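Inspection log for the structure reproduced underneath, given as C-alpha cells.
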Amino acid sequence: MTREFFIRDPRTVGRALLGKVLVRREKSGPLSARIVEVEAYLGKTDPASHSYRGLTARNAIMFGPPGFVYVYFIYGNHWCLNVSCWPVGRAGAVLFRAGEPIEGIEKMSAARGIVLSNDRDARRLTSGPGNLSQALGITRERDNGKDLTSAASDLVVLDDGFHPSKIAASVRIGITKAAERPLRYFVPGNWFVSGPKVL
DNA sequence: ATATCGATTATCT
DNA sequence: GATAATCGATATG
C-alpha cells in the first residue's frame, strides 16, 4: 500500500484494509494473514483514542505522517498493532484486530504457543489484537515507528486483488468512552473475527 | 453457551 | 494511584 492509501480518514482506511494481506517478512520466510477485522480511532474528536488528549511520548506516531506503525502495550500483557492515518499533525489510526492466516502457520503456532489440532485452535492464532500481534512477533521495541509502506520494511500490507464480498460495522470492543460509535469493521461470517460467535 | 474475574505494567493524572 | 483499544481460565446453566 502507498502513502496515499493511509492519508485518508481512519474510517475509510479501515474499511479499505479489510481483505488486504498483512505480511511479516522474517529471514526464515514470510508470515501473512488476510485482514478481517479492524477498528478506527479518530484522534481529537474521539474520546476513546489515545490521541484524544493531545501529543504525548506514547502516541507521537499518530501525529506524524500516515502509514507508520503505532504499537502500544495493554493490560500488562499484550501488544496491539496500529497504523497512523491522516496527514502530518492530524492524529488518527486503525487498530488491526484479526486476520486469517495464510503463510507461516507453523511459525505463528509456535509464537502463540498453540499446538494445532482442530479449527478451534486455528482460530486462536490470529483472532483478537493481542493474539494477532503475538503471532506476527509484533512488539514496540521491534516495530514502533516503522514505515508500513516501505518496500524495505519487514512489515507491510499488500493488495493481492482479493475483495471481501461483504463488510459490516459495529461498536468497538473493550472501550468505555464513545462506546456507541460504530467504528469497528469486519468481514461478516469470517471465522477469525474476534469476539463471541453470534447466530 | 454465556458470565465473571485475575493477570500484569506502561502511561497519564 | 487508577486505568486500560485484552486474553484465557474458571464457573455456571
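Given the structure is predicted, the values throughout are model-derived calculations rather than measurements. Protein chains get the first letters and strands the later ones, always in sequence-line order, with residue 1 at the start of each.
- Counting non-hydrogen atoms of neighbouring residues, nucleotides and ligands closer than 6.0 angstrom, the CZ atom of A:R3 exceeds 12 such neighbours.
- Mapped onto DNA chain B by nearest heavy atom, A:R120 and A:N59 fall at different nucleotides, with A:R120 at the one closer to the 5' end.
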Problem - Pairing annotation in dot-bracket form, given for DNA chain C with Watson-Crick or G-U pairs under 3.5 Å and | for cross-strand partners - result: ||||.|||||||.
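- A:M62 and A:V71 are members of different hydrophobic clusters when ILVMFWY side chains are connected at heavy-atom separations under 4.5 Å.
- Open room surrounds CD on A:E141; 12 or fewer heavy atoms of other groups in view lie less than 6.0 Å from it.
- For the salt bridge (charged side-chain N to carboxylate O under 4.0 Å, His left out) with A:E39, the lone residue among A:R15, A:R172, A:R97 that qualifies is A:R97.
- With 3.5 Å as the limit, one finds a donor-acceptor pair spanning the side chains of A:S194 and A:E37.
- Contacts between residues 174-193 of chain A and DNA chain C, counted as heavy-atom distances below 4.0 Å, involve A:G174, A:I175, A:T176.
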Handout entry: Where protein sits on nucleotides 3-11 of chain B, one letter per nucleotide: B base, S sugar-phosphate only, - none, heavy atoms under 4.0 Å
Key = ----BBBSS
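- Applying the 6.0 Å contact sphere to CZ of A:F73 captures more than 12 heavy atoms from other residues, nucleotides or ligands.
- A heavy-atom distance below 4.5 Å is found between the side chains of A:L148 and A:L155.
- With hydrophobic clusters built from ILVMFWY side chains whose heavy atoms lie under 4.5 angstrom apart, A:I173 does not share a cluster with A:L18.
- In this structure, CZ on A:R25 lies 8.5 Å from CG on A:D154, to the nearest 0.5 angstrom.
- Using a 4.0 Å heavy-atom criterion, one finds that A:N82 contacts the bases of the nucleic acid, with or without backbone contacts as well.
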Practice task
Under the salt bridge (charged side-chain N to carboxylate O under 4.0 Å, His left out) rule, what do A:K107 and A:E26 come out as? Steps first, then yes or no, please.
Solution key: CA-CA 10 Å; A:K107 291 191 188 71; A:E26 299 285 20; over 6 Å; no
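- By the rule that hydrophobic residues join a cluster once side-chain heavy atoms approach within less than 4.5 Å of another member, A:L22 and A:I61 end up as members of separate clusters.
- DNA chain C is contacted by A:Y41, A:A48, A:H50 of residues 32-54 of chain A, taking any non-hydrogen atom closer than 4.0 Å.
- Here A:Y41 contributes atom OH and A:S84 contributes atom OG; the two are 16.0 Å apart, rounded to the nearest 0.5 Å.
- Figure legend: cation-pi geometry between A:R8 and A:F5, with NZ or CZ positioned under 6.0 Å from the six-membered ring centre and within 45° of its axis.
- For A:Y72, the ring pair (Phe, Tyr, Trp, His ring centres under 6.0 Å) criterion is met by A:H50, A:Y70, not counting sequence neighbours.
- Listed here is the closest heavy atom pair of A:N59 and A:S51: ND2-CA, 3.7 Å.
- The footprint of chain A on DNA chain C, defined by a heavy-atom cutoff below 4.0 Å, extends from C:dA4 to C:dG8.
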